[in-house]
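Each chain gets a letter, A, B and so on, in the order the sequences are listed, and its residues count up from 1.
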There are 2 protein chains.
Amino acid sequence: MAAKKPRKTRKERIIEVAERLFAKRGYDGVSLRQITREAGVDVALVKYYFGSKQGLFDALLKRRADILNRERSEALDRVLERSNPAPVEDIIDAFTHPILNEIVGEDDTWRHYFGLLAQINNNPEWGGMTMSRYFDPLVRRFIDALRDALPDADEVDIYWCYHFLSGALTLTFADTKRIDALSNGLCHSSDFESVHKRMVPFITAGFKAICEGESRPPWRAKENT
Amino acid sequence: MAAKKPRKTRKERIIEVAERLFAKRGYDGVSLRQITREAGVDVALVKYYFGSKQGLFDALLKRRADILNRERSEALDRVLERSNPAPVEDIIDAFTHPILNEIVGEDDTWRHYFGLLAQINNNPEWGGMTMSRYFDPLVRRFIDALRDALPDADEVDIYWCYHFLSGALTLTFADTKRIDALSNGLCHSSDFESVHKRMVPFITAGFKAICEGESRPPWRAKENT
DNA sequence: GTCTATAGCTTGATAGAC
DNA sequence: GTCTATCAAGCTATAGAC
């Protein structure tokens, strides 16, 4: 059918195979030899291009983090241009929609990256630090926008709500097929559009329930009397 | 100080050290030699008691799954005895509260187990299957209760909302310290009580927004006209 | 039940030829 | 840039002594 794509460089091949394998089996579940064998290159090239296994891992994380951070930041810009403070729903959408766009786009390698992020986000040893390093500067922009959108919110509440968003989002893109089994085939974990259109109002409702002034949550009742 | 606890059996020591190390570094990040060295026993005992590394892993997963499933099931029984259909909030609480109880109880080894579950839940290769095996029979009981509590809900919506709950819950118990950095020390990922009291109303509001008849979500508008 | 000893393999890294 | 060759270390699993 389509003409053969131009052959990628060895460096690119290494990084793409590594991304796919790390996403599937985790950092410790993959060896450099498996990566280089599938990429059709020699093991020694990993040292040449990336210094070490860890260096390869960091390079591949940073590569798409830079792209994603820019896309999310621009999405937030557009929302804030339209209205500032912006509706909570629009802010959440600006955070999640760029992921959806990439994952359903032509380049199906993005889903490997998000699967990897899901594992990192839930890694107790170095996951928190790693996520913070690559994404917290951007997340702070979203937190600021949410603070403006929810002026009566307690700062702590906003952080926890973001945490719930982060958990729901990364599990979604982990694409574990669990929901397929649980729902007897009614839902598919790879049906990212179905889940996204539910996730945004779900999370928005959660934020409003916890952070909006009108309905003070139960645990704050005592403080306010 | 307190008197020395009675010495545990070697089998118990293996399983407890394995649980802690697997939780910290994942299945592939830990070797049998590290486990048995820390437990002060010989490697060969793993084969004797559990057959293999995988057998040890399965045994340690099942051990606490049985306990947790019983506690959650009893919590749901109590809620349904009080009122059936039960309030959504009470059903969510019955699902999450037993975890909180264990994690803040005296036996601080439970938090290792939940940290491990967080990683499994987000593992794309075998995580979905593993979670389903140990927990789906119980989860179906909760789904049933939620269906009764939300009679206008589309079945698919309930599954997806459960999925969001699952993601938020497991990230919480992954305890990655990311929220500590993001919030500049305002929140602590190990402050499970703070997060739990926010998580239940957050998730409840999400369920209601997506599944309750009064406010049909936007994507169903077209189907209903 | 517990240990010694070891088979058989794989790992990440790297020195050095080309 | 790329490859060959190799190192030292680690791995799971297991046979067999006690």
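Residues satisfying the side chain to side chain donor-acceptor pair (under 3.5 Å) criterion with D90(A), sequence neighbours excluded, are R82(A). In this structure, Q119(A) has no side chain to side chain donor-acceptor pair (under 3.5 Å) partners at least two apart in sequence or on a different chain. Residues passing the salt bridge (charged side-chain N to carboxylate O under 4.0 Å, His left out) test with D42(A), sequence neighbours excluded: none. With sequence neighbours left out, R20(B) forms a salt bridge (charged side-chain N to carboxylate O under 4.0 Å, His left out) with E38(B). Residues meeting the side chain to side chain donor-acceptor pair (under 3.5 Å) test with R147(A), sequence neighbours left out: D144(A), E155(A). Qualifying salt bridge (charged side-chain N to carboxylate O under 4.0 Å, His left out) partners for K24(A), counting only residues two or more places apart in sequence or in other chains: none. Residues that satisfy the ring pair (Phe, Tyr, Trp, His ring centres under 6.0 Å) test with F173(B), not counting sequence neighbours, are F114(B), F192(B).
Interface limits on DNA chain C: the 5'-most and 3'-most nucleotides within less than 4.0 Å of chain A heavy atoms are dT11(C) to dT14(C).
Heavy-atom distances under 4.0 Å link DNA chain D to R33(A), D42(A), A44(A), L45(A), Y48(A), Y49(A) of residues 25-53 of chain A, given in residue order.
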